[in-house]
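Read the structure below first, then the notes.
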Amino acid sequence: MESACKKPKISDEERLELAAKLDKDLDQFINSLEKRRYTEGWPEDRWEEEMAKHPFFTRKAPEPGEALSPLMEGLQQLKYDPEENTAQELAEAYKDDGKFYMQHKKFRLAVLSYTEALSFGVTDSEYRAVLYNNRSAANFFLKNYRSSMLDAQKALELKPDYDKARWRAAQSAGQLDKFDVCIEHCDEILRKDPTNAQALELRKNTLAKKTTKERDARKMAQQERRKQEQLERTIDALKKRAVQFEESDALTNEKRLKPRLAPLEDFMVKADGNGVLHWPTVFCYPQFLSTDFQQQLSEECTMEDVLINLFEQPLELDKEGEYVPHKLNVYYENRLAGKVHKVDVKKAIKEIVREKTFYVYDGTLAFFILPKDTKHETEFLNQTRVPLRLK
């Protein structure tokens, strides 16, 4: 007697008949569905772009502030949620981000990622050393050499035998011209690996830079000493001659001795090795509203010598041929009194400057040259001059 649970076997004819019925029923079901176009998929011409936006296919991390899809936002919450992850897991997540950004040369984002990883206070010193070294590398590529060196040194404090961190510290110190620090790190690298070509080259270049900088510093100090000695010698000569300045503090304030006129600004009055003063001087031609300059006029020259030198070649503006040394008068102006004074051309410059009515302004001597007994001279002498009142 057959069991009641046992199904009877079907014949091959019955199997074929059942398959045909299922095919027919499936066709009827498909044909009964509403015919409509599928519109919810990716556009045919932009399917790659849309695919790249999907969290499962994207190769690009979202930029800071970029709107996230709900799925991406959920994945980020899952990855960075402190309730779902330990401090070590969170640090590792940000460390991975830093690595990703380094690979894609997003060094600022890498710095931020490694900083976040460090903020979770993972106590493993070797792990923290790696984070500091990685951040040092990111800062180095950003040319933040000081931050790079500090991070590398922190990594070395945590892991003294960390070769990568020591090399980064040496590189950063070299960029900062911290020569002794750089050489010290190179020496430590070479102690372990005497044939390290990079360390040998960096040490050589750093030592050369150090030597050059020290030599330049010595030259600069020597030039500064000479400049100071020159200034002291000049001040002493001015005091001995009792030269008067419009500015009362001219002998105690070097800036007061520097000419303001562009052609003379680099030629401050100075005493040479023999104590002779050389003055920056401007010669004005009121008739033509033009000027000539002498950058270093020796006080030993007479005004007559100066005129002969000035007009060795005819003055281009002088169409009438009036500017001939013996046909000229020279004046200086006392601005404090509002008066002009005629110069005795037989006198040397040092004698003129010593006159009680002569005052130096802006470290520069100023003279006015006019043809004798002409209307231009008369107009110049008749000009109204207001005395200068100094506070």
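All residue numbers refer to positions in the sequence shown, counting from 1. Values below: every heavy atom of this structure, side chains too, minus hydrogens, waters and symmetry copies. Every value quoted in this text rests on a predicted model; they were computed, and no experiment measured them.
In the hydrophobic clustering of ILVMFWY residues, with side-chain heavy atoms under 4.5 Å counting as a link, Ile349 and Val343 come out together. The hydrophobic cluster containing Phe267 does not contain Leu297, counting ILVMFWY residues as joined when their side-chain heavy atoms lie under 4.5 angstrom apart, directly or transitively. Ile308 and Ile369 end up in different hydrophobic clusters when Ile, Leu, Val, Met, Phe, Trp and Tyr side chains are linked at under 4.5 Å. Using a 4.5 Å cut-off between side-chain heavy atoms of Ile, Leu, Val, Met, Phe, Trp and Tyr, with links allowed through other members, Val330 and Val306 fall into the same hydrophobic cluster. In this structure, Phe293 is not a member of the same hydrophobic cluster as Leu317, with clusters built from ILVMFWY side-chain heavy atoms closer than 4.5 Å.
The backbone N or O of Ala199 lies less than 3.5 Å from a partner atom in the side chain of Asn196, making a donor-acceptor pair. Panel note: side chain Lys372, backbone His326; a donor-acceptor pair is recorded below 3.5 Å. Without hydrogens or angle criteria, Arg135 side chain to Ser147 main chain gives no donor-acceptor distance under 3.5 Å. Although no hydrogens or angles enter the test, the distance criterion places no donor-acceptor pair under 3.5 Å between the side chain of Thr374 and the main chain of Leu370. Judged by distance alone, the side chain of Thr364 and the main-chain N or O of Asp362 form a donor-acceptor pair under 3.5 Å. Panel note: side chain Glu184, backbone Val181; no donor-acceptor pair is recorded below 3.5 Å. A donor-acceptor pair under 3.5 Å links the side-chain atoms of Asp272 to the main chain of Val276, judged by distance alone.
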Step-by-step side-chain hydrogen bond (donor to acceptor under 3.5 Å, both in side chains) determination, Gln296 to His278: CA-CA 5 Å; Gln296 293 179 307; His278 297 264; over 6 Å; no
Could you go through Arg233 and Gln230, starting from their C-alpha distance and side-chain angles, then the distance that decides it, and tell me whether this counts as side-chain hydrogen bond (donor to acceptor under 3.5 Å, both in side chains)? CA-CA 5 Å; Arg233 188 165 59 246; Gln230 170 74 71; 3.3 Å; yes
Give the C-alpha distance, both sets of side-chain angles, the deciding distance and a yes or no for side chain to side chain contact (heavy atoms under 4.5 Å, CB included) between Gln223 and Lys227. CA-CA 6 Å; Gln223 289 173 359; Lys227 181 181 175 183; over 6 Å; no
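The side-chain heavy atoms of Lys346 and Thr302, taken from C-beta on, include no pair separated by under 4.5 Å. Taking the side chain as every heavy atom from C-beta outward, Met303 and Asp344 never approach each other to under 4.5 Å. Two residues are said to be in side-chain contact when any heavy atoms from C-beta on lie closer than 4.5 Å; Gln88 and Tyr127 meet this criterion. Side-chain atoms of Arg215 and Thr212, non-hydrogen and from C-beta on, do get closer than 4.5 Å to each other. No side-chain heavy atom of Phe368 sits less than 4.5 Å from a side-chain heavy atom of Val340.
For the pair Arg168 and Phe141, the cation-pi test (distance below 6.0 Å, angle within 45°) is passed. Both tests hold for Arg335 against Tyr361: distance to the six-membered ring centre under 6.0 Å, angle to the ring axis within 45°.
A salt bridge is absent between Arg128 and Asp124; no separation between the charged side-chain nitrogens and carboxylate oxygens falls under 4.0 Å. Salt bridge Arg256/Glu247: absent, no basic N to carboxylate O contact under 4.0 Å. For Glu157 and Lys154, the salt-bridge test passes: some basic side-chain N is under 4.0 Å from an acidic carboxylate O. The pair Arg241-Glu299 meets the salt-bridge criterion, with a side-chain N (NZ, NE, NH1 or NH2) lying under 4.0 Å from an Asp/Glu carboxylate O. Using a 4.0 Å cut-off between charged side-chain N and carboxylate O, Glu304 and Lys347 make no salt bridge. Under 4.0 Å is where a charged nitrogen must lie from a carboxylate oxygen, and between Asp180 and Lys210 at least one such pair does. We find that Arg385 and Glu333 are joined by a salt bridge, their nearest charged nitrogen and carboxylate oxygen being less than 4.0 Å apart. A salt bridge between Lys204 and Glu201 is absent, with no side-chain N of the basic residue lying under 4.0 Å from a carboxylate O of the acidic one.
Scanning all heavy atoms of the two residues, the minimum distance from Lys209 to Asp177 falls at NZ-OD1, 3.2 Å. Across all their heavy atoms, Ala170 and His185 have their closest contact at CB-CB, 3.7 Å. In terms of heavy-atom proximity, Phe380 sits nearest to Pro286 at CD1-CG, 3.9 Å. Listed here is the closest heavy atom pair of Ala87 and Val122: O-CG2, 4.0 Å.
Side chain to side chain, Thr234 and Asp236 fail the donor-acceptor criterion of an N or O pair below 3.5 Å. Counted by atom type alone, Gln153 and Tyr132 present zero donor-acceptor pairs between their side chains at under 3.5 Å.
Taking the six-membered ring where the residue is Trp, Trp279 and Phe245 present tilted rings, their angle falling between 30° and 60°. Relative orientation of the Tyr285 and Tyr323 rings is perpendicular, given thresholds of 30° and 60° on the angle between their planes.
When each of His341, Lys342, Glu377 is paired with Tyr331, the side-chain hydrogen bond (donor to acceptor under 3.5 Å, both in side chains) condition holds for Glu377 and for no other.
With ring centers used as reference points, Phe100 lies under 6.0 Å from His104. Side-chain rings of Phe358 and Tyr332 approach one another, their centers coming within less than 6.0 Å.
Summarising the local packing, CD of Gln383 is surrounded by more than 12 heavy atoms from other residues, nucleotides or ligands at distances under 6.0 Å.
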